[in-house]
Amino acid sequence: MKVKSICCIGAGYVGGPTMAVIAKKCPGIKVTVVDINEARIAAWNDPDVNNIPVYEPGLGEVVAESRGRNLFFSTDVDGAIDESDMIFISVNTPTKTYGEGKGLAADLKWIELCARQIARVAKSDKIVVEKSTLPVRTASTIKSILDHTGSGVSFQILSNPEFLAEGTAVEDLMDPDRVLIGGDQTEEGLKAIQALVDVYAQWVPRERILTTNVWSSELSKLTANAFLAQRVSSINSLSELCEHTEADINEVARAIGSDSRIGPKFLKASVGFGGSCFQKDILNLVYISRSYGLNEVADYWEQVIQMNDHQKRRFAKKIIRSLYNTVNGKKIAFLGWAFKKDTNDTRESAAIYVADHLLFEQAHVAVYDPKVKEEQVFVDMDYLNTRSSEENRKYIDVVEDPYEACKGAHAIAVLTEWDVFKQYDWSKIYDNMLKPAHVFDGRNVLDAEKLRKIGFQVYSIGTPS
Ligand SMILES: NC(=O)C1=CN([C@@H]2O[C@H](COP(=O)(O)OP(=O)(O)OC[C@H]3O[C@@H](n4cnc5c(N)ncnc54)[C@H](O)[C@@H]3O)[C@@H](O)[C@H]2O)C=CC1
Ligand SMILES: O=C(O)[C@H]1O[C@H](OP(=O)(O)OP(=O)(O)OC[C@H]2O[C@@H](n3ccc(=O)[nH]c3=O)[C@H](O)[C@@H]2O)[C@H](O)[C@@H](O)[C@@H]1O
């Protein structure tokens, strides 16, 4: 079967970039991305591609090339389902905030709604592709809903998890390490797998397209994120030991990363990992393991999250201790709010938790981030529900100029590794701060020696001070 028309439900950080790249690489396929969020779709359709809702280097150009040709953004979910032969589900799957599995399990409410909508609307056979990250065995839930429509329409369910990282999404999609496709090992299932292989094979070398059964594919996605997050927690745990032993975590990372079995990537000590997925996916793995009675497996992975929480807390406490055990009324400038550089995404960003800790101590936080808007900072803080929204506004200022953020501050905390921070006039910043002027580099991006020469007291994660 040759795919002619694709619909993607969910125009978020995955649906938007993924479909834009499919449309670019497969001009013969009509790709329609749909969402119930009207403002988001309007932003994807904004004539000025600088206003699309996801900030990713290079994405504007990719969207501009295909939009209106074979790439469309729409709120007409029913219409797009009806006319497509392959439907990607790329909706959010956050951690449940209520009921059974609260705080651990993935909330599959939006997935189920999509399945029911597809079941109601579809009049011809469809291949349904799970693009969202889902617990192992979710395909059977989707299949059960789709198989009970009584309409005679036949559905094949594939798992095709996404491995892109934000900030490098376009690169990752254009040149992926691998594409993973899981499907039923029946004649019909294998045909559906082949149809999706043929889509990706238009730009991805065939040997990098892996095919498996559905369950292996679903579980591989959770496993990949768990392994990546585990590396960050491992290096972060040792950063604390470095601070007590005068070892330097950057040197340790280089030394161990040179071992080809370990490899150099993902060994950067930090204030803690953030992002919408690492924590959510590990918690989900913990929940699934416990539900099978595998408590040792669950405890093992849970430790990765505990270490990450510890790292964020430890950073905030370091600031407080260094400022003579009180930050009450003191201005602390935050450089960066996004969970990593080159994205405007702030979900689960370490900055949120560090700010929360400092606000409990009645610090005054001035935030500057090159891509995050003021309202987003307050949405993030209010979402924590740890104090009133008025109090968050009383203690936090979001400013549009980094020098303004640092002016009159006792300390600067670097929460995101934006490259531009390295290029600032640090002497000018120093001159306008209260003394002693502190820098807490939660990303080890600044040149600590240079800053010390200017006069700053500098703390970098896991390095001798
Ligand atoms: N953000 C990332 O870098 C990655 C995310 N993932 C996974 O991809 C999935 C999507 O993540 P994001 O794109 O970050 O989420 P997102 O929150 O940015 O986007 C999801 C979109 O789905 C829409 N939506 C929800 N229910 C809908 C429905 N019934 N009909 C139409 N639209 C609906 C929402 O309005 C929202 O715009 C999640 O399962 C996530 O775990 C996987 C790899 C990378
Ligand atoms: O499922 C997902 O959502 C995605 O999650 C991660 O991608 P992402 O969260 O976008 O970004 P990463 O580059 O993985 O960074 C995650 C967090 O870890 C931190 N990190 C990463 C690497 C490192 O060495 N040190 C470190 O602190 C980053 O600053 C960031 O806060 C994975 O890398 C993707 O493969 C996956 O598709």
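Each ligand, and each atom within it, is numbered from 1 in the order the structure gives. The structure displayed is predicted, hence computed values, not measured ones.
- Near ligand 1, residues Ile9, Gly10, Gly12, Tyr13, Val14, Asp35, Ile36, Asn37, Arg40, Ser90, Val91, Asn92, Thr93, Trp110, Cys114, Ser132, Thr133, Glu162, Leu164, Glu166, Lys221, Ser276, Cys277, Lys280, Arg347 each place a heavy atom inside the 4.0 Å sphere around the ligand atoms.
- Closest heavy-atom contact between Val91 and Ser132: O-OG, 2.6 Å.
- Using modelled atom types, one finds a donor on one side chain and an acceptor on the other under 3.5 Å when comparing Ser216 with Asn213.
- Annotation: cation-pi pair Arg67/Phe72 absent, no NZ/CZ under 6.0 Å from the ring centroid and within 45° of its normal.
- Looking at Asp447 and Lys422, no side-chain N of the basic residue comes within less than 4.0 Å of a carboxylate O on the acidic one, giving no salt bridge.
- Each ring pair (Phe, Tyr, Trp, His ring centres under 6.0 Å) pair with one or both residues in residues 197-249, not counting sequence neighbours, appears once here: Tyr200-Trp203, Phe227-Trp301.
- With a 6.0 Å cutoff to the six-membered ring centre and a 45° limit on the axis angle, Lys126 does not count as a cation-pi contact of Phe155.
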Please table the atom pairs, donor to acceptor, closer than 3.5 Å between any side-chain atom in residues 35-47 and protein atoms at least two apart or in another chain.
| residue | atom | partner | partner atom | Å |
| --- | --- | --- | --- | --- |
| Asp35 | OD1 | Asn37 | N | 2.8 |
| Asp35 | OD2 | Ala11 | N | 2.7 |
| Asn37 | OD1 | Ala39 | N | 3.1 |
| Asn37 | OD1 | Arg40 | N | 3.0 |
| Trp44 | NE1 | Ala11 | O | 2.8 |
| Asn45 | ND2 | Ile41 | O | 3.4 |
| Asn45 | ND2 | Phe73 | O | 3.0 |
| Asp46 | OD1 | Asp48 | N | 2.9 |
| Asp46 | OD1 | Asn51 | ND2 | 3.4 |
| Asp46 | OD2 | Asn51 | ND2 | 3.4 |

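- Geometric assessment of Lys131 against the ring of Phe88 yields a negative cation-pi assignment under the 6.0 Å and 45° thresholds.
- Here the CZ atom belonging to Phe273 is positioned 11.0 Å from the CE atom belonging to Met307, to the nearest 0.5 angstrom.
- Protein residues with any heavy atom under 4.0 Å from ligand 2: Glu162, Phe163, Leu164, Ala165, Glu166, Lys221, Asn225, Leu228, Val232, Phe266, Leu267, Lys268, Ser270, Phe273, Gly274, Cys277, Phe278, Phe339, Lys340, Arg443.
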